[in-house]
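Take a look at the structure below.
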Amino acid sequence: MDLVGACSLLLDVSYISDMTEGSHQGAGGVIAKASRAAKLGARAGRFTKIVKLLRFFLPQQQHADKHHVSVGTAKLIGAMLMARVSTQVSCLIIFMITLLPTISIIRYAEQDWSLQMWAAQLAHLAAQNARQSELDVLISDIRGFYTHMTYEPYGVRLAVQGVTDVLWQSRTPKRAENRVLVEEGPVTLAFNFGCAHRTEAAVNLCIVAMTIILMMGFSCLISNSVTQEALGPLEGILGKIRRCAFTIFRHVEHMQKQMHSRRSTVAADFMCSMNFASVEPGGTLEDDLTVETMLLERVITKIAALSAITMQLTKPQDQQTLQYLGQHEAKPILHDAAPRAEAELPMGRWHNSCQDNSERLKILKELGMGTWILDPLQLSAPQLLSVATASLSAPELDGAVLTRFVEEVAGRYLPGPQHHNWRHAVDVTHTLFTMLHACNSGSLTLLSWLEEYALLVSAVCHDIGHPGVSNDFLVQTSHDLAIRYNDTSPLENMHCATLFAIVQHPAMDVFMSLPQESRKEVRGICVEAILNTDNIHHVSHVKALQTFAEMKNELLQHARAVADHPEDDTAPAWPPLELVEALCEAESRHMLRNALLHLADISNPLKPFSICRAWAQCVLEEFFSQGDKLQELGLLVPALLDRKKTNRPFSQISFIEFFVAPCVFAMVRILAPLRCLQEEMVSNAFLWSEEWQVEMDPPGEEVQGVSSRLRRLDDRAALVRSSRLSQDGRPLRHETRKESEDLRLRARLAGGP
């Protein structure tokens with residue numbers, strides 16, 4: 001029926017049908033045109049269904065039909081999207097077809113009174129018994145008048161006393177609908193409308209053809225858009241979930257084999273670790289089925305959590321906070337596929353070297369070295385050099401080479417930027433050093449000494465040469481760096497290039513003592529870590545941490561239990577062996593390294609409030625300076641960069657809530673010794689709120705809204721606290737706010753939990 005309805009379009013062309021007869025006469029002709037156009041549109045709408053038949057002849061669709069099992073949910077969603085888009089296209093085309101035929105109205109007037117006027121003149125001359133010559137002159141004028149029109153006269157007849165006399169006659173049109181007779185008294189004028197009708201028919205054919213082409217083109221374009229924008233990402237997401245599910249079931253299968261091989265002992269230990277205290281060891285087949293059912297339930301719950309993390313695209317609602325994120329889409333960073341040369345090096349050498357330098361560290365301890373209270377903003381230039389050098393010291397390094405390297409790096413930092421300067425580099429390096437030191441209290445370490453050293457070198461150079469403006473500013477102003485690096489993280493690429501330009505000099509080559517394979521891996525680690533400090537990768541870091549935490553939830557609970565009882569000599573030291581083994585996978589190590597440096601880079605809200613507040617002022621002043629430059633250049637100034645629109649305390653509340661907190665919560669789930677930073681962050685958010693209220697005196701509704709946000713932030717922190725387990729495998733109770741404050745105060749001075 002759809003095919004018949006589409007073919008019936010040809011029957012509505014005026015050159016074939018008789019519908020246009022008399023369309024030039026009266027206002028009813030216009031109504032007839034509109035009615036006919038609406039009918040054309042309704043029938044043409046059927047053509048969209050016929051277009052769908054073409055998909056069965058496309059190679060890509062045939063290939064998908066052969067593998068329909070692998071498409072699954074994505075195909076169903078695609079079909080639903082296609083149906084909705086086809087409906088919208090049909091409505092659009094019907095609307096277009098209804099309007100397009102009205103263009104033909106401009107070709108001639110709705111009412112042409114010249115036909116009656118000429119007939120009246122002829123009748124007037126005939127009534128006066130005019131001579132034949134006078135009639136011939138008037139007929140000649142009539143023919144000349146219609147020379148440039150789409151219709152013309154072809155005959156003039158005069159009826160006198162019942163006798164019809166042909167005054168002039170040319171070729172008579174063959175089609176009756178093209179003959180139009182105008183009678184006035186004894187005179188009859190005959191007009192040929194064949195050319196006008198053919199023109200109108202051609203216009204209608206062009207309209208129909210153009211409509212069909214538009215429908216087919218729009219259908220193909222929308223189909224491709226749906227494939228690219230919906231099916232592609234959806235297949236990627238489902239692929240990730242499928243791989244995660246495969247990994248989970250692989251571990252489940254391994255645990256089930258252990259249960260069947262050692263039913264009495266292993267099953268009891270497994271059930272205790274899974275909190276199935278009610279199931280007795282050595283049970284019956286019914287008990288085994290109960291355990292498997294519980295296990296399957298936990299697996300499905302884990303899959304749901306991973307799916308939520310993968311699908312979640314949460315962005316802060318506060319427009320100011322969005323400015324902390326990059327303006328461009330994150331591009332993947334290639335990992336070095338070279339073998340891990342560091343695997344041959346013994347673990348823990350870096351931290352042993354720190355212990356060997358006890359005298360030097362003792363002097364720096366007075367400045368706060370190794371604790372969270374060190375404030376680079378209060379240090380002198382020599383003290384800054386000492387802190388940076390101590391953070392990078394290792395037995396494998398030549399002290400003179402390291403000193404020259406640090407001095408050269410310090411000289412490459414520009415003095416102009418308020419925040420991205422040498423003091424910030426020292427702060428990030430020392431923060432990363434303290435994080436690594438707090439997380440490696442035992443004989444095992446999460447990262448090898450080579451990885452840690454590469455990260456610390458990356459930290460000290462991660463903003464080297466920073467001009468005090470963002471990547472987006474460089475791109476908007478077509479800066480040389482943006483052109484050189486194709487608008488892709490120009491600052492971070494410049495920092496990497498500057499670092500390795502410095503180590504090209506033998507006197508400052510801090511990688512000189514490493515073998516060639518290790519140097520290659522160190523370069524890969526440094527480049528990857530520095531490029532990932534671009535804030536466009538922030539969401540990727542958070543999702544990677546959350547996914548790892550969900551995948552290793554049970555393991556991390558026991559790791560946090562170990563961190564909660566450092567005084568227990570019988571318990572293993574942190575990090576436990578299970579966590580170290582879980583982080584042996586290459587993807588997990590990439591995730592941890594990049595996230596650690598990124599967290600150290602945005603760690604200002606994790607420090608005591610006096611330090612946090614001072615750094616926030618520096619950051620905002622640098623932002624405002626960039627906003628002033630944008631205003632001078634006549635470019636759009638974002639709200640966060642406008643010193644007249646930004647409220648400093650309120651901007652920091654949003655920055656902590658939407659930007660820093662998700663990363664910190666995910667990191668603390670993995671690295672429990674860093675939980676003191678979480679408590680400091682929550683406390684700083686409340687202090688910023690108090691300062692905002694004092695400074696702005698906002699109305700009660702706004703205060704209540706901010707208080708609700710902060711309570712939710714504290715509740716999220718409480719969930720992370722309560723997810724820790726005691727030594728007997730049971731969840732710990734929620735810590736009170738006062739206990740969290742005491743924990744944070746002790747950690748400031750101890751440099752760890």
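This one's a predicted model, so the numbers in the text were calculated from it and none came from an experiment. For reference, positions follow the sequence shown, starting with 1.
- Residues Val706 and Ile653 meet the side-chain proximity criterion, which asks for heavy atoms closer than 4.5 Å.
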Report the C-alpha distance between Arg143 and Ile139 in whole Å, list the side-chain angles of each, state the deciding distance to 0.1 Å, and finish with yes or no for side-chain contact (heavy atoms from CB on, under 4.5 Å).
CA-CA 6 Å; Arg143 294 176 60 188; Ile139 292 173; 4.3 Å; yes

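- A salt bridge links Glu621 to Arg648: one of the charged nitrogens lies within less than 4.0 Å of a carboxylate oxygen.
- Taking the side chain as every heavy atom from C-beta outward, Glu702 and Trp692 approach each other to under 4.5 Å.
- The number of heavy-atom neighbours closer than 6.0 Å to CD of Gln169, taken from other residues, nucleotides and ligands shown, is above 12.
- With rounding to the nearest 0.5 Å, the separation of CG in Asn471 from CG in Leu481 is 9.0 Å.
- Taken to the nearest 0.5 Å, the CG atom of Asp472 stands 12.5 Å off from the CG atom of Asn535.
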Would you sort out whether Val187 and Trp118 count as a side-chain contact (heavy atoms from CB on, under 4.5 Å), showing the intermediate values?
CA-CA 10 Å; Val187 176; Trp118 289 116; over 6 Å; no

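- The CG atom of Leu167 sits 5.5 Å away from atom CG of Asp165, with the distance rounded to the nearest 0.5 Å.
- Here OG of Ser540 is found 10.5 Å from CG of Asn594. Values are rounded to the nearest 0.5 Å.
- A ring-centre distance under 6.0 Å is found for His598 and His538.
- Remark: side-chain polar atoms of His420 are not paired, donor with acceptor, to backbone N or O of Ser470 under 3.5 angstrom.
- Here the side chains of Phe623 and Asp642 are not in contact, with every heavy-atom distance at 4.5 Å or above.
- The line from CG of Leu641 to CG of Leu635 is 11.5 Å long, rounded to the nearest 0.5 Å.
- For the pair Glu622 (side chain) and His419 (backbone), a donor-acceptor distance under 3.5 Å is present.
- Aromatic ring pairs are classed by plane angle as parallel below 30°, tilted from 30° to 60° and perpendicular above 60°; the pair Phe655 and Phe659 is parallel.
- Side-chain atoms of Arg484 never come within 3.5 Å of backbone atoms of Pro490 as a donor-acceptor pair (strictly under, hydrogens ignored).
- By the 4.5 Å heavy-atom criterion applied to side chains, Val137 and Glu134 are not counted as neighbours.
- Atoms CZ and CD, on Phe191 and Glu152 in that order, are 10.0 Å from each other to the nearest 0.5 Å.
- Contact check for Arg243 versus Lys240: side-chain heavy atoms found under the 4.5 Å cut-off.
- The two residues Leu158 and Ala126 make their nearest non-hydrogen contact at CD1-CB, 3.6 Å.
- For the residue pair Ser654/Arg709, the side-chain donor-acceptor check at 3.5 Å is satisfied.
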Full working for side-chain contact (heavy atoms from CB on, under 4.5 Å) between Leu189 and Leu181
CA-CA 6 Å; Leu189 276 178; Leu181 301 179; over 6 Å; no

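- At distances below 3.5 Å, at least one donor-acceptor pair connects side-chain atoms of Asn493 with backbone N or O atoms of Thr488.
- Contact detail for Pro153 and Ser170: the closest heavy-atom pair is O-OG, 4.3 Å.
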Working for side-chain contact (heavy atoms from CB on, under 4.5 Å), residues Tyr151 and Leu115
CA-CA 11 Å; Tyr151 49 94; Leu115 284 71; 4.1 Å; yes

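- The shortest non-hydrogen separation linking Asn178 to Gly194 is CG-CA, 3.4 Å.
- Only one option out of Asn532, Ile530, Leu531 pairs with Glu528 in a side-chain contact (heavy atoms from CB on, under 4.5 Å); it is Asn532.
- Not a single donor-acceptor pair under 3.5 Å links the side chain of Arg643 to the backbone N or O of Gly627.
- Between Glu632 and Lys629 there is no salt bridge, since none of the side-chain N atoms of the basic residue sits less than 4.0 Å from a carboxylate O of the acidic one.
- Using modelled atom types and a 3.5 Å distance limit, the side chains of Gln132 and Asp136 yield a donor-acceptor pair.
- Classification of the His466-His495 ring pair by plane angle, with boundaries at 30° and 60°, yields parallel.
- Inter-residue side-chain proximity for Lys645 and Leu640 is flagged as unmet; no heavy-atom pair is nearer than 4.5 Å.
- Around atom CE of Met696, no more than 12 heavy atoms belonging to other residues, nucleotides or ligands sit under 6.0 Å away.
- Leu414 and Pro467 get closest at one heavy-atom pair: CD1-CA, 3.9 Å.
- Between Ser114 and Tyr146 the shortest heavy-atom distance is OG-OH, 2.7 Å.
- Checked by atom type and distance alone, the side chain of Thr646 pairs as donor or acceptor with a backbone atom of Ala639 at under 3.5 Å.
- The two residues Asn192 and Tyr154 come nearest to each other via the heavy atoms N-CD2, 3.6 Å.
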